[in-house]
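Order of the sequence lines fixes the chain letters, A, B, ..., with proteins taken first and strands second; residue numbering starts at 1 for each chain.
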Number of protein chains: 2
Amino acid sequence: MAERGAYAKGVVRREEILAAALDVFSREGYRGTSLRDIAKQVGVSLPGLMHYFDSKEHLLTAILQKRDQVDAEAHPADGDFLDGLLVIMRHNRDVPGLVQLYITLAAAAEDPSHPAHAFFIERFAFLRLTLAEVIRDRQSAGMARADLDPEHVARILIAVADGIQIQWALDRSVDMAGDIERLWDAISS
Amino acid sequence: MAERGAYAKGVVRREEILAAALDVFSREGYRGTSLRDIAKQVGVSLPGLMHYFDSKEHLLTAILQKRDQVDAEAHPADGDFLDGLLVIMRHNRDVPGLVQLYITLAAAAEDPSHPAHAFFIERFAFLRLTLAEVIRDRQSAGMARADLDPEHVARILIAVADGIQIQWALDRSVDMAGDIERLWDAISS
DNA sequence: GTCTATAAGTCGATAGAC
DNA sequence: GTCTATCGACTTATAGAC
């Protein structure tokens, strides 16, 4: 990895590879694709790929991190963070491979030694904190019942978002964003 | 597989192996364990294992099916099916390996050629149907708001159950059954 | 029907030349 | 920094004794 040798060229090349890998996983599905396949589609050799990523698990984790970063930039919320989450859920219909990768890695990340372990813990903590804040704001604005527990509802919304992706992966007619929206309507009024 | 040769002895042995494998996965975690390891822990040889199961994916799918069957028998609902689901969620705290296996296989089952594909589609269809019926019964009994859409709420409850398991796997202090119960309280009154 | 033994292919990961 | 070549471990799968 580029530790103190974080020279411009190395960082740029790594970002290029990451962007290409993200694109591959977005279009094609993630079906336990081998590193050789990824390297070929990205346009580097297998050791060329592993020069920038310590292991397959590290690469997959970096792809998910990059995805979050790209999503946040490409889909700025026109409302609050919950609105933004719905926009991303709608966008997820176009990237089934990333949805599958996300769930697979979330399950594997249970192991504390997995590279994605810290990523998911921090991700969930951030989502809980940010969503709870949104709920509090909506309560203040009279847009939600005052007796809702913001922390609890935040956790539930995250769980629904993850769980509904599993159902959508098996049946593409599931309306992920719509179902979350309807849940919010039912819970907030 | 025991197709038309479903002789008593073969079926019994298969069930023994399945029960042993279920026990192994319940106690130990599922961390991409090899078939050789499973065979060793179950007490058979690798070909002995593969005589009863066509592939690793078939074995893992059979383990999940067996789990559902065992759960249904071991944890009879003292109330309706939703109460029963909460009982199973509480029991899930004791079998982290099965929780991880369930999520991992659910993600992999997106592929229509995966042995677990049909299993998960049928499982979700059964859960939706049964839970929607419970919700209708509770509405009739005046235990839930009449304006709830039973099919929608059923899908949401399944999603929350799956999604909350991901969060629990990363943070064992999460109260899976309690969070679902509180969601129902918020949604039904 | 169940075992021991083993083969063929592919995986992630690494060594070493340039 | 990128390649060729290769390693050990894993997978599925089969042959053949009992």
Side-chain angles (χ1 to χ4, degrees), chain A residues 1-21 24-25 28-64 100-101 104-105 108-109 111 113-117, chain B residues 1-21 24-25 28-63 101 104-105 108 111 113-116:
Chain A
M1 295 272 275
E3 198 72 32
R4 56 143 288 177
Y7 302 114
K9 186 177 179 185
V11 173
V12 167
R13 187 87 184 100
R14 186 190 147 102
E15 285 302 308
E16 282 174 5
I17 292 174
L18 208 47
V24 168
F25 276 88
E28 328 237 339
Y30 167 72
R31 308 174 302 269
T33 322
S34 74
L35 280 180
R36 279 177 179 80
D37 282 350
I38 299 172
K40 189 183 294 177
Q41 295 200 262
V42 165
V44 290
S45 66
L46 175 60
L49 192 63
M50 300 210 57
H51 177 72
Y52 293 100
F53 303 94
D54 289 344
S55 71
K56 183 180 187 177
E57 291 171 333
H58 280 91
L59 170 61
L60 298 180
T61 306
I63 290 175
L64 281 189
Q100 191 177 14
L101 174 62
T104 305
L105 230 61
D111 184 346
S113 69
H114 193 288
H117 187 72
Chain B
M1 297 269 274
E3 198 71 32
R4 54 145 287 175
Y7 301 113
K9 187 176 181 185
V11 172
V12 168
R13 186 87 184 99
R14 185 190 147 104
E15 286 302 308
E16 282 175 4
I17 291 175
L18 210 47
V24 168
F25 277 87
E28 327 235 341
Y30 167 73
R31 306 177 302 269
T33 325
S34 76
L35 278 180
R36 277 178 180 78
D37 283 350
I38 299 172
K40 189 183 293 178
Q41 293 199 263
V42 165
V44 289
S45 67
L46 174 61
L49 194 61
M50 297 204 59
H51 177 72
Y52 292 101
F53 304 95
D54 290 344
S55 72
K56 183 179 187 178
E57 291 171 334
H58 281 90
L59 170 62
L60 298 180
T61 306
I63 290 175
L101 174 62
T104 305
L105 230 61
D111 185 346
S113 69
H114 194 287

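The NE2 atom of A:H114 sits 7.5 Å away from the CG atom of A:L60 when rounded to the nearest 0.5 Å.
Contact annotation: B:K56 reaches the phosphate of D:dT11 (side-chain N/O to OP1 or OP2, under 4.0 Å).
Counting to the nearest Å, the P atom of C:dA13 and the CG atom of A:L59 are 10 Å from each other. Taking atom CG of A:L49 as the reference point, atom C1' of D:dG1 lies 14 Å away to the nearest angstrom. Look at NZ on B:K40: it is 10 Å from P on D:dC10, rounded to the nearest Å. Summarising the geometry, the separation between CD1 on B:I38 and C1' on D:dT12 is reported as 14 Å, rounded to the nearest angstrom. Residue A:F53 contributes atom CZ, which lies 14 Å from atom C1' of D:dG1 at whole-angstrom precision. As rounded to whole Å, 15 Å separates atom P of C:dG1 from atom CD of B:E16. Protein atom NE2 of A:H51 is 16 Å distant from nucleotide atom P of C:dA13, rounded to whole Å. The separation between B:M50 atom CE and C:dT4 atom P is 16 Å, rounded to whole Å.
Contact detail for B:T104 and B:Y30: the closest heavy-atom pair is CG2-CE2, 3.9 Å. Here the shortest heavy-atom pairing between A:L18 and A:L59 reads CD1-CD1, 4.3 Å. B:Q41 approaches B:V24 most closely through the heavy-atom pair OE1-CG1, 3.6 Å.
Nearest to the side chain of B:S45, among C:dT4, C:dG1, D:dC3, sits C:dT4. Residue B:V44 places its side chain closer to C:dC3 than to any other of C:dA15, C:dC3, D:dT12. Listed nucleotides D:dC3, D:dT12, C:dA13 differ in distance to B:L35; the shortest reach to its side chain belongs to D:dT12. The side chain of B:R36 lies closest to C:dT6 when the candidates are C:dT14, C:dC3, C:dT6. When each of C:dT2, D:dT12, C:dA15 is scored by its nearest atom to the side-chain atoms of B:Y52, the top-ranked nucleotide is C:dT2.
As judged by a 4.0 angstrom heavy-atom cut-off over every strand, A:L46 is placed among the base-contacting residues. Contact annotation for B:S34: backbone-only contact, meaning every heavy-atom pair under 4.0 Å involves sugar-phosphate atoms and none involves a base.
In summary, the side chains of A:S55 and A:H58 do present a donor paired with an acceptor at a separation below 3.5 Å, with no hydrogens or angles considered.
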